[in-house]
Amino acid sequence: MDLSIDLCGIKLPNPTILASGVLGVSRCSLARVASCGAGAVTTKSISLEPRSGHDNPCVVTYEAGMLNAMGYPNPGAEAAREEFAAVDQLPVPVIASAVGTEPEEFAAVAEILTALPFAATEIPVSCPHTPGFGLMGGHASTDAIRRITSLVRDKTKLPLFVKLPAGGPEVVDLAKAARDGGADGITAVNTIGPGMVINIEAARPVLGFKKGGVSGPALRPVAVRCVYDIYEAVDLPIIGVGGITTGRDAIEMMMAGARAVGIGSAVYYRGMDVFSEVCREIRTWMEDHGYESLTEIVGAAHQ
Amino acid sequence: MNPLEPRRALVREKIQENRETYSLTLSLADHDHFSYRPGQFNMLGLPGMGEAPFSFSSLHLERGRFTHTIREAGSLTRSICQLAAGDILSIRGPYGNEWPLEKAKGRHLIIVGGGIGIAPLRPVIRHALGNGEEYGRLYFLLGARTEDDLLFREEFEKLTAGRDGTLLMTVDRGEKKELSHIREGLVTALLDEIDVDPEESITFTCGPELMMRFVARQLIQMGQDPYDIFVSMERRMKCGIAHCGHCQIGAMYVCKDGPIFPYGDIKRFADTML
């Protein structure tokens, strides 16, 4: 069964996308994930200057999900220019994640990355655990999102996705602000929180940054609802991200309105082959339930 | 058990190996299950100071205890080296793969270590000397800046005395040049002493990447297969379980695909000095 999709003119062999932040530091690493069946891959977020990120531990799991506080470690936009120069040699489209503290930094990074053979740009305005960025940088208001998106829009010719935070009803307004700023699509959602896990024997928070964004199964129903609300409010393609671990999860997210699904934490739960596994499960489910095309599934829950 | 959740380790014993290197013998503080294989590593950390990977320098658990040998190189390692018996640190692991001791059986074993890189080879040296009948000739070629930096020198001298293993050492700056088995110069010069067929040998090496590069290149020139040379790599690590991708070399992750790689798999990547 054909699972290929069109995302703002980008052809994906299937709707599974490696979410930003996981295994996305280098071209070779992205190629390995592509070989495991991902329909597209997203780089680790790239900032203008190199960043070392937060102290370890940066990741911990608990019974319902995962927390991470990486703090955007990355070698910076100049190093990215070299690392990703031949990124179009990968068998699947590569999405560049560009991040900044000031709106102008987002735009400067996006301008550098747009000269590289990426398929699209994604700008996260929603990280919950890095000072100066996302929720800790005041990026997640309608005004900030509109301004950041429009500045980036001026600097990139690539399809532009804005990665939103999970939120209450206001997530709809954030999506509209991204659209008004010139976004071509919405990525929803980032990790939620931040949350905290305490090692009670040591009587200290486990993570080096103490707090971290919550992902994995605990996030999924929140992400599905955000995608559902955004789908009704904004006529842009949506990449649904948040706790997708199985083919059933992916179908649920697409029925909420996502055209493609981001997978991150599930690489921990199921290994790198999670992409081909999820695709196999999607196909089997569609065959068992009489669906012939993903277009019948996207938004199907809105009746 | 959650492989990402740090546990508490208790410092049982600390031995100063030289002016900047300490061996810390640890056990889990909370009676958790623990086992490991030589070549693997733990992430050791202190609250607010982060974590770093450290290979085991002990061969196997003894009464639940294991040892890491740590050189003071930065603020975290300095603080860990200042701990005393009874102190607590955080531990995640063990992570990574092991030295391929099975593959080495029935062959000559060449071990080449440099500086602090001698520490992860110590369990292999101890294992090989304790199971000499399983291997052909044993060569232990160790190099360091000074005699003081030759980790476990007395231990290895005692262990090899009267045995088949050949222990040869070099230092960059010699103090007692008359000592026949400690020479001035590079560890690669010791490879000339090997009088077994490299094609029937297997090599384990750990040390500065530049050293491992010259060791591997010379062994290949001598006829050894690049896939019979195993190097132990080190990178800054975040997660330790091949989730974040920060310790990648090419498409491989040092934390999970390594830290031990066949030289043949790793030599072509620009992000190493190999």
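Chain letters run A, B, ... following the sequence lines, proteins first, then strands; residues in each count from 1.
The candidate with the highest count of non-hydrogen atom pairs below 4.5 Å against chain B, out of V267(A), T61(A), V206(A), is T61(A). The candidate from H246(B), R236(B), E5(B), M49(B) with the greatest count of non-hydrogen atom pairs under 4.5 Å with chain A is H246(B). Heavy-atom pairs under 4.5 Å with chain B were tallied for R27(A), R204(A), K210(A), E63(A); the largest tally goes to R204(A). Between chain B and the options V33(A), L23(A), N199(A), D55(A), heavy-atom pairs under 4.5 Å are most frequent for L23(A). Each of G53(A), G21(A), S26(A), A31(A) has some count of heavy-atom pairs under 4.5 Å with chain B, and the biggest count is that of S26(A).
Using a 4.5 Å cut-off between heavy atoms, S35(A) makes no contact with chain B at all. Heavy-atom distances place the side chain of R92(B), and not its backbone, under 4.5 Å from chain A. The part of K44(A) that comes within reach of chain B is its side chain, from C-beta onward, which places non-hydrogen atoms under 4.5 angstrom from that chain. With a 4.5 Å cut-off on non-hydrogen atoms, A202(A) touches chain B through its backbone and its side chain both. Residue contact with chain A, scored on non-hydrogen atoms closer than 4.5 Å, involves the backbone of A242(B) exclusively. Contact of M43(B) with chain A is made through the side chain alone, with heavy-atom distances under 4.5 Å.
Between the side chains of Y227(B) and D265(B), at least one donor N or O sits under 3.5 Å from an acceptor N or O. Checked by atom type, the side-chain pair E17(B)/S23(B) shows a donor-acceptor distance below 3.5 Å. Using modelled atom types, one finds no donor on one side chain facing an acceptor on the other under 3.5 Å when comparing R65(B) with T25(B).
Classification of the W99(B)-F204(B) ring pair by plane angle, with boundaries at 30° and 60°, yields parallel. The aromatic rings of F118(A) and F84(A) are tilted relative to each other, their planes meeting at an angle between 30° and 60°.
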Intermediate values then yes/no, side-chain hydrogen bond (donor to acceptor under 3.5 Å, both in side chains), T43(A) and S97(A): CA-CA 6 Å; T43(A) 69; S97(A) 178; 5.2 Å; no

Apply side-chain hydrogen bond (donor to acceptor under 3.5 Å, both in side chains) to the pair S20(A) and E122(A), showing each step before the final yes or no. CA-CA 9 Å; S20(A) 184; E122(A) 180 177 277; 4.9 Å; no

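Contact record, S58(B) with Y36(B): OG-OH, 2.7 Å, taken as the closest heavy-atom pair.
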